[in-house]
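Position 1 is the first residue of the sequence, and the numbers go up from there. All figures in this text were calculated on a predicted structure; none of them were measured in a lab. The basis for the numbers below is simple: all heavy atoms, side chains too, and nothing from hydrogens, waters or symmetry mates.
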Amino acid sequence: MIKIKMFIPIFICFNVSFFNLPVFAGNVISELEETSNVNLDVSQITSLSVDEALAIAISYNREIIELEEDLPFVIKEYEDLNHDLANNPDTYYSIKTQIADLKNTIDNNDLSVQKNKDILRYDITKLFISIVNAQKEIELQEKNLSIMKRELDISQIKQNKGILSESEFNDKNTEYIKKLNDAENKKIDLDNLYIDLNKALGIDLREKYSIELNFNYTEIGNIDIDEKIKIEIDGNFDITKQKQNLEVSEYEYSTYNENTSYISKLSKEKDIQGQLRDIKESEVNFSDSINKIYKNILSRETYDAKYNEELIYKQKELDVLSLKYAIGKATLIELDKKSLEIEELQNKISENRFEHYLLMAKFQNSNLIDR
């Protein structure tokens, strides 16, 4: 197993459009589901996109490797059983049940591999977003600490002159120290995100590299949610597998005759009833999940509109404050605090749109519903 290097220096760059671009959900799905065939020499990395990270992770992922390695053996077993079926007709029913099960495994192999790739892409994208968010939070925290330190220095002068009590100064100092410690904790959290990314990639990245995260904010558009749920249930990989297993069980039960023991029949009947209940429960849970994701997407879009209105208002406040500062009616600290408020709100918009993007990924790909 390759060792993973800790605390990799990463330079983040990202581009999120701050314009509302209402499009239909299908316009984004190819971007979210596309798998990468990027040929990347990991020793020469200077920057890393989601596609490039996905290509590295796919080559390392144990589940995908095992699915690809096991397929020839499953195919061989399937062929051997078909040969046995031709030569041993007396065991027709029991062998045919095994053949049906193996054929489902073979037919589902590509879909199973694709599901793992889809999940990897989502998890890597989420890690990229978490790193971008964490680094931006640290940047804003450092700006806030700079302002707090300047205010603390003024408070120190006021205390020395008897304008501010020692208790009031100590409260401000304690708050500053608390924020300072919080900033250090955020840096530790960011280091841990780096480690998580390297674990997902499964390689030792020795060089500095930048993370590239580029996408546009797109609204969901008009959706018939009931039709969407029906289509997704019909095409969902996990539910399809449950139904295939049910068909195999029902076929096996149909081969039972008067020579089959009562216990075997009863056991298989209970098994079939249990499978039917599981399928129904999966469909209900799946429907609930899509509905919840859809409502969360709409909620994120509502927040986006609200935040943008607030941003316009705060920018006007900054313009007024700038005029006051120019004529000596406001301090530089007041101006910097208002500018920081705007940056924090812009970051809130960005984080909200990142979350919207991840929700859209789930909504457009049922493999991601449980992520």
Quiz item: Do you know the tightest heavy-atom contact between Ser112 and Asn116?
Solution: O-ND2, 2.9 Å
Quiz item: Take atom NZ in Lys314; do more than 12 heavy atoms of anything else shown fall under 6.0 Å from it?
Solution: yes
Quiz prompt | Point-to-point distance, once rounded to the nearest 0.5 Å, from CG of Leu340 to CD of Gln141 | solution = 9.5 Å
Quiz prompt | Contact check, side chains of His356 and Met360, non-hydrogen atoms, under 4.5 Å | solution = yes
Quiz item: Are Lys126 and Phe354 in a cation-pi setup, meaning NZ or CZ lies under 6.0 angstrom from the ring centre and within 45 degrees of the ring axis?
Solution: no
Quiz item: Heavy-atom count around Lys265 NZ within 6.0 Å, excluding the residue itself: above 12?
Solution: yes
Quiz item: Below 4.0 angstrom, N of the basic side chain to O of the carboxylate: do Asp80 and Lys76 qualify?
Solution: yes
Practice problem: For residues Leu152 and Gln156, determine if any side-chain heavy atom of one lies less than 4.5 Å from a side-chain heavy atom of the other. | Solution: no
Exercise. Determine, using the 4.5 Å side-chain heavy-atom cutoff (strictly less than), whether Ile106 and Ile95 are members of one ILVMFWY cluster.
Key: yes
Self-check item: Nearest non-hydrogen partners of Ser264 and Tyr256, listed with the distance
Solution: O-CE1, 3.9 Å
Quiz prompt | Ion pair Glu151/Lys158, N-O distance below 4.0 Å | solution = no
Self-check item: Short N-O contact, Arg150 and Asp336, less than 4.0 angstrom
Solution: yes
Quiz item: What distance do Asn104 atom CG and Asn109 atom CG have between them, rounded to the nearest 0.5 Å?
Solution: 12.5 Å
Exercise. Dump the intermediate steps for side-chain contact (heavy atoms from CB on, under 4.5 Å) on Lys199 and Ile195, then the final yes or no.
Key: CA-CA 6 Å; Lys199 285 180 179 178; Ile195 294 169; 3.7 Å; yes
Self-check item: Tyr313 atom OH: more than 12 heavy-atom contacts under 6.0 Å
Solution: no
Quiz item: Heavy-atom distance under 4.5 Å between the side chains of Thr105 and Leu71, does that happen here?
Solution: no
Self-check item: Point-to-point distance, once rounded to the nearest 0.5 Å, from CD of Glu310 to CD1 of Ile342
Solution: 10.5 Å
Self-check item: Linked, directly or transitively: Leu180 and Phe169 (ILVMFWY side chains, under 4.5 Å)
Solution: yes
Quiz item: With distance as the sole test, does Asn61 use its side chain to make a donor-acceptor pair with the main-chain N or O of Ala57 at under 3.5 Å?
Solution: no
Exercise. Could you tell me whether Lys178 and Asp182 have a side-chain N and a carboxylate O separated by less than 4.0 Å?
Key: no
Quiz prompt | Heavy-atom side-chain proximity of Leu335 to Ser322 below 4.5 angstrom | solution = yes
Quiz prompt | Shortest non-hydrogen separation from Ile65 to Ser59 and the atoms involved | solution = CD1-O, 3.6 Å
Quiz item: Any chance the side chains of Asp101 and Gln244 put a donor and an acceptor closer than 3.5 Å?
Solution: no
Quiz prompt | Audit row: Leu120, Ile64, side-chain contact (heavy atoms from CB on, under 4.5 Å) steps and yes/no | solution = CA-CA 10 Å; Leu120 269 178; Ile64 293 175; 3.9 Å; yes
Quiz item: What distance do Ile58 atom CD1 and Lys117 atom NZ have between them, rounded to the nearest 0.5 Å?
Solution: 4.5 Å
Quiz item: Can you tell if the side chain of Leu201 reaches within under 4.5 Å of the side chain of Leu197, non-hydrogen atoms only?
Solution: yes
Exercise. Might you point out which heavy atoms bring Ala330 and Tyr325 nearest each other, and give the distance in Å?
Key: O-CD1, 3.2 Å
Quiz prompt | Nearest atoms (heavy-atom pairs only) where Ala183 meets Leu145 | solution = CB-CD1, 3.8 Å
Quiz item: Does the pair Glu247/Lys243 count as a salt bridge with the N-to-O cut at 4.0 Å?
Solution: no
Quiz item: Tell me, do Ile290 and Ile233 make a side-chain contact under 4.5 Å, heavy atoms counted?
Solution: no
Quiz item: Would you say the side-chain atoms of Asp271 pair up with the backbone N or O of Ser267, donor to acceptor, closer than 3.5 Å?
Solution: no
Quiz prompt | Carboxylate-amine/guanidinium contact Lys268 Glu252, below 4.0 Å | solution = yes
Quiz item: So, Gln315 versus Asp319: side-chain donor-acceptor pair below 3.5 Å or not?
Solution: no
Quiz item: Between Asn236 and Glu232, is there a donor-acceptor pair closer than 3.5 Å when you use the side chain of the first and the backbone of the second?
Solution: no
Quiz item: So does Asp224 pair up with Lys228, basic N to acidic O under 4.0 Å?
Solution: no
Quiz item: Does Glu63 offer a backbone N or O that forms a donor-acceptor pair with the side chain of Glu66 under 3.5 Å?
Solution: no
Quiz item: In this structure, are over 12 heavy atoms from other groups packed under 6.0 Å from Tyr303 atom OH?
Solution: no
Practice problem: Could you tell me whether Lys348 and Glu344 make a salt bridge, using a distance below 4.0 angstrom between a side-chain N and a carboxylate O? | Solution: no
Practice problem: Measure from the side-chain N and O atoms of Ser299 to the backbone N and O of Lys295, and report whether any donor-acceptor pair falls under 3.5 Å. | Solution: no
Quiz item: side-chain contact (heavy atoms from CB on, under 4.5 Å) between Ile157 and Leu164: does it pass, once the steps are laid out?
Solution: CA-CA 9 Å; Ile157 295 171; Leu164 190 71; over 6 Å; no
Practice problem: Answer yes if Leu140 and Ile333 sit in the same cluster of Ile, Leu, Val, Met, Phe, Trp and Tyr residues linked by side chain heavy atoms under 4.5 Å apart, and no otherwise. | Solution: yes
Quiz item: Does a salt bridge link Glu309 with Lys306, judged by any charged N lying under 4.0 Å from a carboxylate O?
Solution: no
Quiz item: When rounded to the nearest 0.5 angstrom, what is the spacing between OG in Ser130 and CD in Gln135?
Solution: 13.0 Å
Quiz item: Just wondering, do Leu81 and Asp84 contact through their side chains at under 4.5 Å, heavy atoms?
Solution: yes
Quiz item: Is there a donor-acceptor contact under 3.5 Å from the side chain of Lys136 to the main chain of Asn347?
Solution: no
Quiz item: Are the side chain of Glu52 and the backbone of Ser49 linked by a donor-acceptor contact shorter than 3.5 Å?
Solution: yes
Quiz item: Can you tell me if Gln275 and Ser249 form a side-chain donor-acceptor pair at under 3.5 Å?
Solution: yes
Practice problem: Answer yes or no: is there an ion pair linking Glu69 with Arg62, defined by an N-O contact shorter than 4.0 Å? | Solution: no
Quiz item: Stepwise, does the side-chain contact (heavy atoms from CB on, under 4.5 Å) test hold for Lys172 with Met148?
Solution: CA-CA 9 Å; Lys172 291 179 182 296; Met148 289 182 71; over 6 Å; no
Quiz item: Would a hydrophobic clustering, with Ile, Leu, Val, Met, Phe, Trp and Tyr connected at side-chain separations under 4.5 Å, put Leu321 with Leu332?
Solution: yes
Exercise. Check for a donor-acceptor pair, side chain of Glu334 on one end and backbone N or O of Thr331 on the other, with a separation under 3.5 Å.
Key: yes
Quiz item: Under 3.5 Å, is there a donor-acceptor pair between the side chain of Ser254 and the main chain of Tyr251?
Solution: yes
Self-check item: Main-chain N/O of Asp304 paired with Asn308 side-chain donor or acceptor, under 3.5 Å
Solution: yes
Quiz item: Are Tyr357 and Tyr217 an aromatic pair by the rule of ring centers under 6.0 Å?
Solution: no
Quiz item: Are Asp370 and Lys362 close enough for a salt bridge, meaning some N to O gap below 4.0 Å?
Solution: no
Quiz prompt | Heavy-atom side-chain proximity of Asn192 to Ile188 below 4.5 angstrom | solution = yes
Quiz item: With a 4.0 Å cut-off, would you call Glu184 and Lys187 a salt bridge?
Solution: yes
Quiz item: Would one find more than 12 heavy atoms of other residues, nucleotides or ligands at under 6.0 Å from atom CZ of Phe237?
Solution: yes
Quiz item: Could you state the interatomic distance from CG (Asn144) to CD (Glu137), rounded to the nearest 0.5 Å?
Solution: 12.5 Å
Self-check item: Atom of Asn367, atom of Ile119 and distance for their closest heavy-atom approach
Solution: O-CG1, 3.9 Å
